[in-house]
Structure formats: C-alpha cells, structure tokens
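This structure is a prediction, so every number in the text was calculated from the model and none was measured.
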Number of protein chains: 2
Amino acid sequence: MAPFCYDYPHPAVTTDIALFTILEDKLAILLIRRRSPPFQHCWALPGGFVEPDEGLENCALRELAEETGITGVYLEQLYTFGQPDRDPRERIISVAYYALAPADILAPVAGSDAAEVCWFALDALPDLAFDHPDILCLAQQRLRTKLDYSTIAFSLVNETFTLGELQKVYEIIRGEPLDKRNFRKYILSLNLLAESGASQHGCNHRPAKLYRLAQPGTLHYLR
Amino acid sequence: MAPFCYDYPHPAVTTDIALFTILEDKLAILLIRRRSPPFQHCWALPGGFVEPDEGLENCALRELAEETGITGVYLEQLYTFGQPDRDPRERIISVAYYALAPADILAPVAGSDAAEVCWFALDALPDLAFDHPDILCLAQQRLRTKLDYSTIAFSLVNETFTLGELQKVYEIIRGEPLDKRNFRKYILSLNLLAESGASQHGCNHRPAKLYRLAQPGTLHYLR
DNA sequence: CATAATAGTGTATTTTTTACACTTAATTTT
DNA sequence: AAAATTAAGTGTAAAAAATACACTATTATG
C-alpha cells in the first residue's frame, strides 16, 4: 500500500496556478473550494501533484484543465515555494505558475478535486489555504512589473480588441488612469498591432476599430 | 535499505547554484568536477539534494558551502527545471539559483562531493553535466536584464569600491563600453552611495575616491 | 432631433538620455 | 628632476522620450 520507496526522503512536488482575468473592470483570480483536508472547504489556487512523466508546465496546464475545465491560457512560471512547513501533511514543494486569459472564453466548471470553482475580485478575496496568499501576492507583483517591459497585457484581451479595451487592462493592472492619446501613441509605436479591418458594433456610441496582434501568441519583450 | 516509502511516486528535488563573479575583466562562473556518476568527472554547477527540514534557499547556501567552501554570497531564485528526463537516474526537479560575489573574497576549496572547484570565464566553458548549460544561459540573461532595474551590480564589487570598478562591472555584464560621465551621473543620481572618506592607494595613477552603499546588503529596485 | 457615450486625433513643454574633451593627481621612466 | 603614463574627475549642449492637455466624430437611445 506504499510501494514507492527511496533510499532518501523525497518531498512531494505540486504546481499551483494563479489564473488572472479581468471581470467587471477588476482584476480577478480563479479559486477552487477544496473537497478534502487539509484546509477542507477552504478556497485555494487550483493545482496538484506532478506526475512521474510530465513536465512542470504540463502539470500546471493539466491540473487547471482537470479542476476547472479551462484550457488555452497564457502560462508562465512564477516562483517555487518550499518552506518545510508549508503543508501540514508532508514536505510539499510547490512550483507556482501564473496564467492570464480574457474573461470571455472562460466558463469554469467544477472538476473532480474541486467542489466549486469561482472567480474572485482581488479586492474581495476569501481566506486562502496554505501559503497561497503569498503566491498570489507575488503573482500580482510580477504581473504589474512585467506590464512595463513585455506584451503580457495582450493575453487579457480577446483575439481582436479595441485600443480602449487594451487601455482598460493597463489601467486596471496599474491601478491608475492613463492618458488616452499618449497610450495610443505608445501602443501603436510598438508596431505589434494590425487593424483587423472590422469595427465594433452594437455599442451605443461610435464604434472602435478592432485590432489584432500581428504575430498572435508571441510574447514580446520591449526596450 | 529503502525505508522512505510513499503511496505515490515522489521526485527528488535538488538546488543548483550559478555563482558569478568577475575575474580578469570577464564574467566567470564557479564549477565543480563531479566525483560520481552520472556525468562522473564532468564539470557541473554546485548543488545537491534538498534535506527534509531545510528551505530551498538554505539548501542552496549549504550545498555551495559544502562543495566549495564559499559563504556570504548574494543569492536569488532563478527558475525551476523539471523536464522528466533531465537526470538519467530518476526524476529530479532542480530549483536553480543564481548568486553573485566579488572575486576577492572567494577562495574556493574542493569539498566532499567535488573533486575540484574552479572558476571558468563564460567565454571558455567546458562541457557541462545535465541541463546545466540551460540554467547558466538563463542565469546570464537574468543578470543582464536585472542590471537595468536593480542594484545587483553592487554584489559584484567589494564593500568599498571606486566608480571606475563599478563601471567595469556594468560594462562586462552588458558587453559594451559606457560613457564615464554619464555613468557617474546616473549612479550618483540614485542616491544610494556614500563616500567612504578614503581613497585608493598603491595604484600608478591618480587615486579614486572609495564609495560604499549607504544601506549595505539591501537590494534596491529602480524606476 | 437632441442627448449620451466612447472613438479618434496633434502639439507644445518638460524630462531624460546621449554625445563629447580637457584638466588633475598619482606612479613610472628616462 | 623632468617627462611620460595611467586612470580620475568634471559640465554643457543636443536629441529623444515622456507628459500634459481639449476638441471633433460617430454611433445608439430617448
């Protein structure tokens, strides 16, 4: 009943995923309610144990899919948390990832290990299990700083988007309003966008041009 | 003879350390020659298995001290490498760190697990064990980018240093010469330095003022 | 047809970054 | 002792980047 034996003690290794989206003009994070102890019924980041033959990133994507039904997100390794006492059961080292996706695609569904799956605005978080508050905090920091020297923000809008939507993303992550003209000048000067040709419709105001990334799916580093 | 048993397979976890210094006006890295298989007699980054009751950072510092005799370096987590086949023995996940120290303090001594310990200039590296070339490459990238928005460079000079020495560090990491006046203007505008009062001596030219960090040991983020 | 809502556009000012050359103080050589 | 060598130390002007700022355009709604 315990057939996996080693000459030296081995820690367990998990991945945890902080998936961000923007919901109702606020940064939000995907949490699951835990089915089993420890921290039973507590909210936690999705995640789970690394399988013997999968890479770490695959593990993160698999756990996210299994627990929440969500696929196709932008994913990046964040930090590895390994304090000896971070899990009451045994030594568990967690490789934390953060992920980004536009809200529209995402309809989370509770999976096998999770009784409930739910978006929470970052300013209205419940108590979290383990050291997940630390992970979340670091993820938010990373998101903020990386905004300035990369194109991660594009992972939070749809495939085609208006400059107004994109500006909103920047404003929400930075927590401050931006000047419209300067923002547009900056974004267009990157030469990463192509006009999709189409425009918005069904909005009760002048329709905005829709843009798309010239090279979709590619993360760019600026400067 | 294999008393550590678990219900599910557990990977082994190690830390590996890429310790940089500047030696003869070049970036150099500390390597050890492996005593035992796999990759016996190969050069590798110092590192080793995480003990059950130590944090990851402690593990990195302990392994560095055990294998090379070096202590008191600046240390920062880099990335976690976990491809299933990165070690031929068993599944081993490595939490990689990078470290910085001025060359003067460092007199590496071979430890128990390492037959030899030696500095190598980055432009004259031997073949490396495992995926250590990947780790090293990522570490160097991180070093370069972090130079621009933090005070890591100060970890590569002595406690007191001249502006010329500091400029050399920036030039070596960036791989290009910098303008002396602009560099000094920039560094002094950070308001992080204090004049030590003393000057260089024993050099065959005008002696430079020696500076120190106003808050030694603190890493600052710029902008 | 008036109102509401967001899209879309350009210029002047300030700040930051860059380019650039000579004098000073110590040691070494002649 | 004078000359040569070596790196230290210093300021200004030009270019580039970032910032501040206000009105017109286009759609839907009442």
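Under the ring-ring contact (aromatic ring centres under 6.0 Å, His included) criterion, Tyr79(B) pairs with Phe81(B), not counting sequence neighbours.
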| query | What do the steps show when you test Thr80(A) against Thr80(B) for side chain to side chain donor-acceptor pair (under 3.5 Å), and what is the final call? | reply | CA-CA 7 Å; Thr80(A) 298; Thr80(B) 298; 2.4 Å; yes

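Between Glu24(B) and Lys26(B) there is no salt bridge, since no side-chain nitrogen of the basic residue lies less than 4.0 Å from a carboxylate oxygen of the acidic one. Salt-bridge check for Arg174(A) with Asp148(A): passed, with a basic side-chain N closer than 4.0 Å to an acidic carboxylate O. No salt bridge links Glu195(B) with Arg212(B); every basic N to acidic carboxylate O contact stays at or beyond 4.0 Å.
The stretch residues 144-165 of chain B does not touch DNA chain C, since none of its heavy atoms comes less than 4.0 Å from the strand. For the segment residues 174-187 of chain A, the set of residues with a heavy atom within less than 4.0 Å of an atom of DNA chain D comprises Asp179(A), Arg181(A), Asn182(A), Lys185(A), in numerical order. Proximity of residues 203-211 of chain B to DNA chain C (heavy atom under 4.0 angstrom from any strand atom) is restricted to Cys203(B), Asn204(B), His205(B), Arg206(B), Pro207(B).
First and last contacts of DNA chain C with chain A, using any nucleotide atom under 4.0 Å from a protein heavy atom and ordered 5' to 3', fall at dA5(C) to dT11(C).
When atom types are taken as modelled, the side chain of Glu171(B) and the backbone of Pro177(B) share no donor-acceptor pair closer than 3.5 angstrom. For Thr145(B) (side chain) and Arg142(B) (main-chain N/O), a donor-acceptor pair under 3.5 Å exists by modelled atom type.
The two atoms that bring Arg206(B) and Gln200(B) nearest to each other are O-OE1, 4.4 Å, heavy atoms only. A pairwise comparison of heavy atoms in Thr15(A) and Leu56(A) identifies CG2-O, 3.6 Å as the closest pair. Taking both residues in full, the closest heavy atoms of Arg144(A) and Ile173(A) are given as CG-O, 3.3 Å, listed atom of the first, atom of the second, then distance. Closest approach of Ser155(B) and Pro102(B) over heavy atoms only: O-CD, 3.2 Å.
Counting only residues at least two apart or in different chains, ring-ring contact (aromatic ring centres under 6.0 Å, His included) contacts with residues 145-204 of chain A comprise Phe154(A)-Phe161(A), Tyr170(A)-Phe183(A).
Note: CG (Leu222(A)) to P (dA18(D)) measures 11 Å, nearest angstrom.
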